[in-house]
Amino acid sequence: MAASIAAGGVGIGGVPKLHPPFLGKKLRIKTNTQSIVRSSNPQRFRVCASGGGELINGVWDLFLGVGVGLPCTVMECGDIIYRSTLPKSSGLTLTAPGAVLALGALSYLWATPGVAPGFFDMFVLAFVERIFRPTFRKDDFVLGKKLGEGAFGVVYKASHAKKPASKKEGDLVLKKATEYGAVEIWMNERVRRACANSCADFLYGFLESSGKKGAEYWLIWRFEGEATLSDLMQSKEFPYNVETMLLGEVQDLPKGLERENSIIQTVMRQLLFALDGLHSTGIVHRDIKPQNVIFSEGSRTFKIIDLGAAADLRVGINYIPKEFLLDPRYAAPEQYIMSTQTPSAPSAPVATALSPVLWQLNLPDRFDIYSAGLIFLQMAFPALRSDSGLIQFNRQLKRCDYDLVAWRKSIEPRASADLRRGFELLDLDGGIGWELLTSMVRYKARQRISAKGALAHPYFDREGILALSFMQKLRMQLFRATQQDYEEAAKWIIRHMAKSGTKQDGGFTEAQLQEFREMGQPKKKASPQRNALASALRLQRKIVKTLNESMDELNRRRKSLWWSRWIPREE
Ligand SMILES: Nc1ncnc2c1ncn2[C@@H]1O[C@H](COP(=O)(O)OP(=O)(O)OP(=O)(O)O)[C@@H](O)[C@H]1O
């Protein structure tokens with residue numbers, strides 16, 4: 001038995017498994033219960049000897065050595081003499097290590113951004129959708145007034161040309177876009193299948209090449225409503241105007257900080273739900289700002305628009321952004337969502353296979369969280385709602401090394417009444433709003449909270465002005481149960497308890513209070529933990545670098561927009 005284990009480990013049912021060097025010989029091995037003989041397997045031996053043998057052995061050991069597979073594959077029953085003494089086989093046998101391996105593989109395939117759901121989406125859902133969804137042509141639309149014009153496209157209100165717009169169909173929005181239209185069509189189709197409620201309702205997109213201007217992408221959405229969050233925030237009535245829209249009627253209640261806080265909380269919750277939908281499917285928006293958050297009059301919720309700068313990390317589309325696509329007022333300090341050492345997107349299969357690793361190493365979703373944090377800040381501080389106010393704030397924050405607490409310290413003593421009111425609003429309920437804000441607006445992406453984490457934050461314990469739907473309640477419960485971002489909430493609770501003291505129990509000891517104080521302070525130099533952390537970070541950087549370099553190498557050969565073939569052309 002000892003010889004057999006040294007040679008190849010244990011196969012199923014405690015039966016020894018042999019490595020190729022032993023296969024050329026006839027071996028008789030005595031186990032506890034049976035006498036088994038394994039003889040050569042000439043065919044297999046020949047393969048090993050003629051190159052590629054090591055690879056085959058590796059695969060053999062990995063999958064069959066732990067006992068996953070049909071007994072005959074694992075044990076080579078053909079070689080076993082005294083068959084009658086063997087236990088009867090019952091088909092597939094799964095050992096404990098095999099189950100662990102299978103579970104590990106499954107969790108990898110389902111980890112964000114989701115390799116397995118991605119395949120299902122691309123090869124099943126997209127295919128089925130294409131068969132059943134209505135298609136449109138240029139002549140099907142009549143253009144109305146211009147809604148907006150960016151550097152890469154013009155947006156119009158539109159209606160159907162042939163049939164009178166039925167109540168259900170309603171008005172449309174049509175965007176004629178240049179090169180980035182292709183990305184936007186791809187993203188909108190993905191979103192429609194994966195998290196339709198997060199973004200404006202997308203109908204169809206195609207390439208139209210008959211115009212004088214050359215090829216243009218036409219994208220059609222349902223018209224969601226007149227107002228973006230930016231329009232609403234510019235009004236002196238904010239946030240009460242939002243309350244009226246969310247509830248569908250004017251509320252005859254006294255105005256005050258509490259009421260404003262719960263309206264802002266409701267907007268933030270809707271925005272974070274929408275962002276979580278995008279992030280869970282591997283999409284990072286990269287242009288989150290109040291102008292790109294539209295109020296949908298139909299569903300009375302805020303939805304995200306303008307996916308032209310978005311990146312699909314599941315397949316690596318728009319992996320590295322063109323910097324000019326980002327709005328510097330709302331962009332996170334890192335600018336790039338992935339390591340800058342990869343100058344171009346990896347090829348789709350590589351990006352897909354590595355996407356869970358790359359997602360965890362880079363946490364690209366935290367780019368949007370920073371922008372959402374700035375929106376939160378703007379909602380709390382009216383002075384920051386103007387462009388100049390926001391630009392000035394960005395400069396001040398940069399001077400404070402992107403430390404919101406330091407910014408507050410520097411500004412609060414000489415703050416205007418308006419600013420003080422904003423701090424008061426965020427300090428309600430023991431400062432839980434401020435706590436959430438500071439966990440969103442941080443210099444390091446890794447230290448920012450995720451959308452799920454934010455939704456599980458105690459700031460959202462209260463329902464706000466709108467009750468949650470059954471599904472939202474369920475999701476919140478799930479986030480709370482599964483979030484790893486408990487740290488923030490725990491710190492908040494501890495600090496809160498420390499502040500209020502526990503007179504009955506004699507309060508916290510001086511040592512405990514010192515510990516709480518140290519939570520907010522930089523750690524002292526050169527402790528063994530610090531050194532270990534530094535080594536871990538160095539290792540992580542090395543892994544990212546190696547991964548990126550190898551992907552770039554692979555990618556040099558294929559640079560075409562392979563996914564454009566998914567975008568229909570006008571007939
Ligand atoms: N589904 C929609 N329903 C209603 N209005 C919409 C919708 N989509 C876009 N709009 C309106 O059109 C405007 C421009 O849309 P969008 O931001 O997608 O275009 P853009 O060309 O990227 O503009 P910009 O470059 O300024 O961001 C929005 O600000 C909004 O007012």
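Counting starts at 1 for both ligands and their atoms, following the listed order. Only a predicted model underlies this, so the values are computations on that prediction, with no experimental measurement involved.
Nearest protein heavy-atom neighbour of atom 13 (C) of ligand 1: L147 O, 4.2 Å. For atom 3 (N) of ligand 1, the closest heavy atom belonging to the protein is E224 N, 2.9 Å. In terms of protein heavy-atom proximity, atom 27 (O) of ligand 1 is closest to D306 OD2, 3.0 Å. Ranking the protein heavy atoms by distance from atom 26 (O) of ligand 1 puts G150 CA, 4.3 Å first. With hydrogens left out, the protein atom closest to atom 30 (C) of ligand 1 is I305 CD1, 4.0 Å, a heavy atom. Nearest protein neighbour of atom 31 (O) of ligand 1, counting heavy atoms only, is T228 CG2, 3.9 Å.
Side chains of D231 and T228: a donor on one and an acceptor on the other come within 3.5 Å. Between the side chains of E260 and Y240, at least one donor N or O sits under 3.5 Å from an acceptor N or O.
Ring to ring, F423 and W407 are close: their centroids are under 6.0 angstrom apart. Between Y459 and F376, the gap from one ring centroid to the other is short of 6.0 Å.
Taking only nitrogen or oxygen atoms, main chain and side chain alike, D287 does not reach within less than 3.5 Å of ligand 1. Inclusion of K175 in the set of residues having an N or O under 3.5 Å from an N or O of ligand 1 is warranted.
Among the candidates R366, K444, R448, the single residue satisfying the salt bridge (charged side-chain N to carboxylate O under 4.0 Å, His left out) test with E334 is R448.
Atoms of ligand 1 lying under 4.0 Å from any heavy atom of G225, numbered from 1 in the order shown and given with element: 4 (C), 5 (N). Atoms of ligand 1 found under 4.0 Å from any heavy atom of G153 (numbered from 1 in listed order, with element): 21 (O). If you number the atoms of ligand 1 from 1 as listed, the ones under 4.0 Å from a heavy atom of R222 come out as 1 (N), 2 (C), 3 (N). Distances below 4.0 Å separate heavy atoms of A200 from the following atoms of ligand 1: 1 (N).
Looking at I294 against ligand 1, only its side chain comes within 4.0 Å, counting heavy atoms. Contact annotation: for N292 versus ligand 1, heavy atoms closer than 4.0 Å belong to the side chain alone. The proximity of W221 to ligand 1, defined as any non-hydrogen pair under 4.0 Å, is limited to the side chain.
Between G308 and ligand 1 there is no heavy-atom distance shorter than 4.0 Å. Contact annotation: E226 has no heavy atom less than 4.0 Å from any atom of ligand 1. Distances from ligand 1 to the non-hydrogen atoms of K157 include no value under 4.0 Å.
Distances from atom 8 (N) of ligand 1 to the heavy atoms of L307, V173, D327 show the closest one on V173. In the candidate list D171, V155, L219, V155 is nearest to atom 12 (O) of ligand 1, counting heavy atoms.
For F141, the CZ atom is densely surrounded, since the number of other residues' heavy atoms within 6.0 Å is greater than 12.
In terms of heavy atoms, T135 sits closest to D140 at O-OD2, 4.4 Å. Between Q270 and L246 the shortest heavy-atom distance is NE2-CD2, 3.7 Å. Summarising the geometry of V284 relative to P364, their closest heavy-atom pair is CG1-O, 3.5 Å, with the distance given to 0.1 Å.
Using bins of under 30°, 30° to 60° and over 60° for the plane-to-plane angle, the ring pair F295/F302 lands in the perpendicular bin.
In terms of the ring-ring contact (aromatic ring centres under 6.0 Å, His included) criterion, F120 has no residue partners (sequence neighbours excluded).
The salt bridge (Lys or Arg N to Asp or Glu O under 4.0 Å) pairs that include a residue from residues 387-408 are R329-D387, R408-E412, R408-D427, where partners are two or more places apart or lie in different chains.
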